[in-house]
Amino acid sequence: MGRIGLTTDRLVRAGAELADEAGFEQVTASALARRFGVKTASLYSHVRNSRDLKAKIALLALAELAERGASALAGRAGKDALTALADVYRDYAREHPGRYDASRFRLTPEEAAASAGPRHSEMMRAVLRGYDLAGPDQTHAVRLLGSVFHGYVSLELAGSFSHSTPDSQESWSWTLDALDTLLRTRAAR
């Protein structure tokens, strides 16, 4: 193994690149072994199986997204914070479609607890502090934001908005304006 320098990190990053190139569903231990010109069994000292490889790619994607989100949110509040975080998810999905898919991979409870996933929830809640939502309303709003961001981005990546006008960017801005209005209205109740 040392002769080609395989490490877990190198395999995960190569798997993430493969996901971006061919799609997350195409990432397997055997596909990665072919990429490195080694037998699949050579990878098993670094990953247990294809599921473990996919989980590790998911953890990488969640961490990358969390880093971008934290940087984008610094010093922002209200609609500015909402737009910044939404754009992080959308931009990341456009730049890294396979990794973005990986970020939604179903992790075990232990993997999820140790992942950057909780940071994503914290970032959503940080955005919502600007809207003065509390208790169950805040939890509902976190779920709403996640659903809208991921739903829009997934449909856009699938080409659903490329065959009609107005331009997808215009609809994205409209959607974020509508979310801001909804959150401000809900907070005022």
Legend entry - Whether over 12 other heavy atoms sit under 6.0 Å from Arg35 CZ: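 Enclosed.
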With distance as the sole test, does [X] use its side chain to make a donor-acceptor pair with the main-chain N or O of [Y] at under 3.5 Å?
X      : Y      : answer
Ser115 : Gly117 : yes
Ser50  : Ala29  : yes
Asp20  : Gly98  : yes

Legend entry - Ser154 and Arg104 side chains, donor-acceptor separation under 3.5 Å: yes
Legend entry - Side-chain H-bond candidate by donor/acceptor type, Arg90 with Gln169, under 3.5 Å: yes
Inset, instruction - For Arg94 and Glu156, run side-chain contact (heavy atoms from CB on, under 4.5 Å): C-alpha distance rounded to whole Å, both residues' side-chain angles, the deciding distance at 0.1 Å, then the answer. - result: CA-CA 9 Å; Arg94 289 170 153 183; Glu156 185 177 47; 3.3 Å; yes
Nearest 0.5 Å, please: how far is [atom2] in [Y] from [atom1] in [X]?
X      : Y      : atom1 : atom2 : value
Thr181 : Arg186 : OG1   : CZ    : 15.0 Å
Glu64  : Glu67  : CD    : CD    : 9.5 Å
Leu60  : Ser103 : CG    : OG    : 10.5 Å
Asp177 : Trp172 : CG    : CH2   : 12.0 Å
Asp91  : Tyr100 : CG    : OH    : 11.5 Å
Leu18  : Arg99  : CG    : CZ    : 11.0 Å

Inset, instruction - Classify the ring geometry between His120 and Tyr89 as parallel (under 30°), tilted (30 to 60°) or perpendicular (over 60°). - result: tilted
Which atom names give the shortest non-hydrogen contact between [X] and [Y], and what distance separates them?
X      : Y      : value
Ala84  : Arg76  : CB-NH1, 3.5 Å
Ala66  : Ala116 : CB-CB, 3.9 Å
Ala31  : Thr28  : N-OG1, 3.0 Å
Leu11  : Leu32  : O-CD2, 3.4 Å
Asp137 : Leu133 : CB-CD2, 4.2 Å
Gly15  : Val27  : O-CG2, 3.6 Å

Legend entry - Salt-bridge present (Glu95, Arg68; N to O < 4.0 Å): yes
Inset, instruction - Could you tell me whether the side chain of Pro166 reaches within less than 4.5 Å of the side chain of Ser171, counting heavy atoms only? - result: yes
Legend entry - Heavy-atom side-chain contact between Thr7 and Val12 under 4.5 Å: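 No. Closest side-chain heavy atoms not under 4.5 Å.
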Legend entry - Residue among Arg51, Lys54, Lys56 satisfying salt bridge (charged side-chain N to carboxylate O under 4.0 Å, His left out) with Glu111: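 Per the salt bridge (charged side-chain N to carboxylate O under 4.0 Å, His left out) rule, the option paired with Glu111 is Arg51, out of Arg51, Lys54, Lys56.
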Inset, instruction - Let me see the working for Met124 and Gln138 under side-chain contact (heavy atoms from CB on, under 4.5 Å), right down to the final yes or no. - result: CA-CA 9 Å; Met124 294 274 191; Gln138 192 177 82; over 6 Å; no
Are [Y] and [X] connected into the same hydrophobic cluster when the rule is that any two of I, L, V, M, F, W, Y join if their side-chain heavy atoms are below 4.5 Å apart?
X      : Y      : value
Leu53  : Phe24  : yes
Leu145 : Leu62  : no
Val142 : Val153 : yes
Leu182 : Leu176 : yes
Leu155 : Phe149 : yes

Inset, instruction - Begin from the C-alpha positions of His96 and Tyr92 and carry the test ring pair (Phe, Tyr, Trp, His ring centres under 6.0 Å) through to its verdict. - result: CA-CA 6 Å; His96 301 290; Tyr92 187 82; 5.2 Å; yes
Legend entry - Worked verdict on Thr139 versus Arg125 for side-chain contact (heavy atoms from CB on, under 4.5 Å): CA-CA 8 Å; Thr139 300; Arg125 289 183 189 282; 3.4 Å; yes
Inset, instruction - Would you please test Phe105 and Ile57 for side-chain contact (heavy atoms from CB on, under 4.5 Å) and show each step? - result: CA-CA 9 Å; Phe105 183 71; Ile57 295 168; over 6 Å; no
Legend entry - Pairs satisfying side-chain hydrogen bond (donor to acceptor under 3.5 Å, both in side chains), at least one member in residues 126-135, at least two apart: Tyr131-Asp180
